[in-house]
Number of protein chains: 2
Amino acid sequence: MQHCCKFMDIFSKKNIRPTTFRKEIVSIFEAKDHAITTKEIEEALGKHDRITLYRTLKLFIENGVIHEITLPNEEKTYALCEEECADGEHQHEHLHFKCEVCERIYCIELPQAPQFDLKNFIVKSMEINLRGICDHCN
Amino acid sequence: MQHCCKFMDIFSKKNIRPTTFRKEIVSIFEAKDHAITTKEIEEALGKHDRITLYRTLKLFIENGVIHEITLPNEEKTYALCEEECADGEHQHEHLHFKCEVCERIYCIELPQAPQFDLKNFIVKSMEINLRGICDHCN
DNA sequence: ACTTAAATGCAACACTGTTGCAAATTTATG
DNA sequence: CATAAATTTGCAACAGTGTTGCATTTAAGT
């Protein structure tokens, strides 16, 4: 598999054992250009164990391999993180965009994080979720 | 109760029957300056029916009385909407701020919505969630 | 007051996610 | 390469959150 090096990169940096199952999960993420639900992962997996999947997702989130996207009234989705994300600290300069036509959620990198001037509030991280129509459906 | 007019305002505008239970729920929201979880509502309610609460929250969300705030790894919270919110279309020019000290989630009104220039994406609504330390705890 | 429509309360259920434990897999060591 | 130690996996059982159907109660209109 040409992917081995890539997996090793992801896993060895985070000190995660590169098991067959985990490699499969990463492959599924890499095959998509948008965030996916556990349902979509389970469909891609075929026969599998539900509990191991939950544990794997949790581990990946804690180690900055993927991040969780929660929008009101939507199922949770997950997407691969960029390199910079480390152990549970997801410092993304990106936003999430939910297309109301194709219903997909995309991660979009921002050239710079927007600034919010909130007098005495100290902002440590932010999350921006947009809804509308994506470039593909437009 | 001096609140009657206020309830009538909220309920009649949205075509919601002002039942005892619903008025109680609104009172609970009005007594707090931050977003609350169903757990907090249930504690404030005392003896009550779980199902009716869920149905009431759903109705309130659909009719723009309250909005739901979902942050990754957090319980859902709910807060009263501003006047402008109508039937399920929550067009807030505000953001949500989770304080990592007091752990409360506050709604903060913005003077203007931030602009995101995403070429061919059409942005119809946005949601901004910040984390950090609130003015009170700072 | 009476009729109609909507809201409530209860039981049962569905979905999402977790915990404990035994079996299997991976990694490190000789 | 074989073996031992540690981690991961799969299963069973469970917990929390939210929903549906239905009978009873409450509110609204005449």
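In what follows, chains are A, B, ... by sequence order, proteins preceding strands, each numbered from 1. Only heavy atoms go into these numbers, but all of them, side chains included; no hydrogens, no water, no symmetry mates.
Taking atom CG of residue L45(A) and atom P of nucleotide dT9(D), one finds them 12 Å apart after rounding to whole Å. Whole-Å rounding puts the D49(A) CG to dA22(C) P distance at 17 Å. The interatomic distance linking F21(A) (CZ) with dT9(D) (C1') rounds to 9 Å, in whole Å. L53(A) has its CG atom 11 Å from the P atom of dT18(C), to the nearest Å. The CD1 atom of I61(A) sits 12 Å away from the C1' atom of dG17(C) (whole-angstrom rounding). In this entry the distance linking NE2 of H48(A) with C1' of dG10(D) reads 12 Å, nearest Å. The NZ atom of K23(B) sits 16 Å away from the C1' atom of dT8(C) (whole-angstrom rounding). Taking atom CZ of residue F11(A) and atom P of nucleotide dT8(D), one finds them 11 Å apart after rounding to whole Å.
Residue T19(A) places at least one side-chain N or O closer than 4.0 Å to OP1 or OP2 of dT9(D). In terms of phosphate contacts, T56(B) brings no side-chain nitrogen or oxygen within less than 4.0 Å of OP1 or OP2 of dA7(C). Residue K39(B) has no polar side-chain atom (N or O) positioned under 4.0 Å from OP1 or OP2 of dG16(D). Within the structure, a side-chain polar atom (N or O) of T52(A) is placed less than 4.0 Å from OP1 or OP2 of dG10(D). Contact between the side-chain N/O atoms of R22(A) and the OP1/OP2 oxygens of dT26(C) is not found at any separation under 4.0 Å.
If you find the closest nucleotide of DNA chain C to I51(B) and to I16(B), the one lying nearer the 5' end belongs to I16(B). Nearest-nucleotide positions on DNA chain D for T38(B) and R17(B) put T38(B) closer to the 5' end.
Checked against dT7(D), dT19(D), dT19(C), the side chain of K58(B) finds its nearest nucleotide in dT19(D).
A donor-acceptor contact under 3.5 Å links the side chain of R55(B) to the base of dG9(C). No hydrogens or angles were tested; on distance alone, a donor-acceptor pair under 3.5 Å links the side chain of R50(A) to the base of dG17(C).
At a threshold of 4.5 Å between non-hydrogen side-chain atoms, the residues T37(A) and E40(A) count as touching.
The two atoms that bring L80(B) and H67(B) nearest to each other are O-CE1, 3.5 Å, heavy atoms only.
Judged purely by atom type and a 3.5 angstrom limit, N138(A) uses its side chain to pair as donor or acceptor with the backbone of N120(B).
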Walk me through it: do K98(B) and E127(A) pass the test salt bridge (Lys or Arg N to Asp or Glu O under 4.0 Å)?
CA-CA 11 Å; K98(B) 161 94 181 187; E127(A) 195 200 2; over 6 Å; no
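By the neighbour-count criterion of 12 heavy atoms within 6.0 Å, atom NE2 of H136(A) is sparsely surrounded, having that number or fewer from other residues, nucleotides or ligands.
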